[in-house]
Amino acid sequence: MIQLFNVIKKYGSGSPALDDISLKIERGEFVFLTGPSGAGKTTILKVLFGWEDFEEGQVLVQGINVGKLNAGNMHTLRRSIGVIFQDYKLLTNKTVFENVAFAQEVTNRDRKTIKFKTWEALKNVGLTPKKDSFPPQLSGGEQQRVAIARAMVNAPPIILADEPTGNLDQEISLEILKLFEELNRNGATIVFATHSQDILKLGNHRVIVLSRGKVVSS
Amino acid sequence: MNSAIHALLIGFRATIANVRANAQTFLISVVTIAISIGILGLFLIIFFNLNGFLASWNQQVQLITYLKDDISPAQKNNLEDLFKTNSRVQSTEEVSKDQAWQEFRLSQAERSGLELDLGFNPLPASYKIRFKMSDNRLLHISEFAEQIQNEPGVESVEYGKSWISRFEKFMVFCRVFLMATGALLSFGLILIISNTIRLSIYSRQDEIELMLLIGATPHFVKIPFLMEGMLQGLCGSLLSLGLMGVIYYYLKSEFQTSMESIARGMDFQFISEPFLLILVGASVLIGLVASYISTYQYMQVLNKR
Ligand SMILES: Nc1ncnc2c1ncn2[C@@H]1O[C@H](COP(=O)(O)OP(=O)(O)OP(=O)(O)O)[C@@H](O)[C@H]1O
Ligand SMILES: [Mg+2]
């Protein structure tokens, strides 16, 4: 499902952000991606959905050779991946509802389905009361939940989550984790990047540890 | 098919939102386009009207061959043969001394109200020769005139040579001038529109980036901007044509009567319909090209591969 072979990624000159990474994540698996700040967690996720190019190696996602994609067919990969960005990337001039609906508009769904699915996703993250608020009016945790709702609304087979509990207290973090576990039970492959030891302990899943761009344990 | 319409609809909604968010820039751009198209349109109007003059005058250009009074039938036959064998001649008309006098007297009477009676006929007989329309018709006329001039029995030849050739040169100049200004203005419009589109893109950078991140096709991202460019071209040209129309009808209602006294039967023309469509179409096309260029450049920057 997700495979990396000897991937090397450099930002400019200097030591590589990903240094000869090889990994295999099975279909339907739930894995934590952890490591200290700057280890390369975000970079791996970016490589997986084609936002950053890489210098060497091969990346296969859903049978797609990511390195071979170009601007014209990149969307085929990205439509099978839901991403929760470390900085959320919510549109500040759209309401919560519109933000979640937006992810479906770009894939040409009809309006009725969009409304229904958006409502369902917001219910899942407990944000229906805030559906008409704008992101700047929300707390960090609420914004994070909007980002999660947006990532899951298209029911993608793969979900990449970059620190989805970074801003949340223990109690809500646990709820969010349970949400991902539920998505996982429904068949989604989850890659969950976090540097919180608590979360790692709470979820009993495979852990991939990165350090300075290398896989330390997996 | 359905999804294509859907994409266009979403694109259109996004376009309207863009225009609202950048209303001022959009408006400035539209007005600039309108002014540019207006300049072009003005020249087109002048050009059309001059062309109308030229066409009606050109129709009247003919080679008149005046005959000596003592021309022999053989000499006449020789001349008529010359006319017939020249493939560029469209028609010949023989005007006898009597006819010429008759016509002259009629027009004279019309003008002054006086019947003229000299007791003899001072006018010569003549041939009026019309030539087929072609690019260097004037050259053929003058060549043929020279040939005829020295034939026996020919008194003199006449055609309005110098003013016509000058006028035709002027029309060539007009055509070149129109094309040059047209090209120059189009180029300027491309710069203006692409600049507006670029501003519109910058104000929506986050949204565009996100669209691509969540799996929008490049088309889906580009369509609203292409539509915005075309909309600018459309609004600009329609605005300018509307204004030109108003000015035209004002001038016409004010000056039509005095125009008619200068040139009888002259009707002041507006830009002809096909050219109206061409102006609007070209303006929309320019908008499309300009926005295509700037979206293309932006997408190149966004794609890190
Ligand atoms: N756009 C960029 N340009 C240059 N260097 C970058 C860029 N993004 C990341 N890096 C560098 O690559 C390395 C890995 O960064 P990355 O963001 O993947 O770390 P991370 O594990 O996600 O860290 P954190 O836990 O702080 O989010 C770091 O050294 C970082 O400075
Ligand atoms: Mg990170």
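The chains referred to below are lettered A, B, ... by the order of the sequence lines, with proteins before strands, and numbering in each begins at 1.
Inspection of the B/Glu228 and B/Thr15 side chains reveals no N or O donor paired with an N or O acceptor under 3.5 Å. A/Thr76 and A/Asn73 share no donor-acceptor pair across their side chains, judged by distance under 3.5 Å alone.
Checked against a 6.0 Å centroid threshold, the rings of A/Phe30 and A/Phe180 do not count as neighbours.
Heavy atoms of B/Arg204 lying under 4.5 Å from chain A are absent altogether.
A salt bridge links B/Glu209 with A/Lys89: the distance from a Lys NZ or Arg NE/NH1/NH2 to an Asp or Glu carboxylate oxygen falls below 4.0 Å.
Contact count versus chain B (heavy atoms, under 4.5 Å) is highest, among A/Arg109, A/Lys94, A/Arg111, for A/Arg111. Of the residues considered (B/Leu210, B/Val221, B/Asp206), B/Leu210 shows the highest number of contacts with chain A, using heavy-atom pairs under 4.5 Å.
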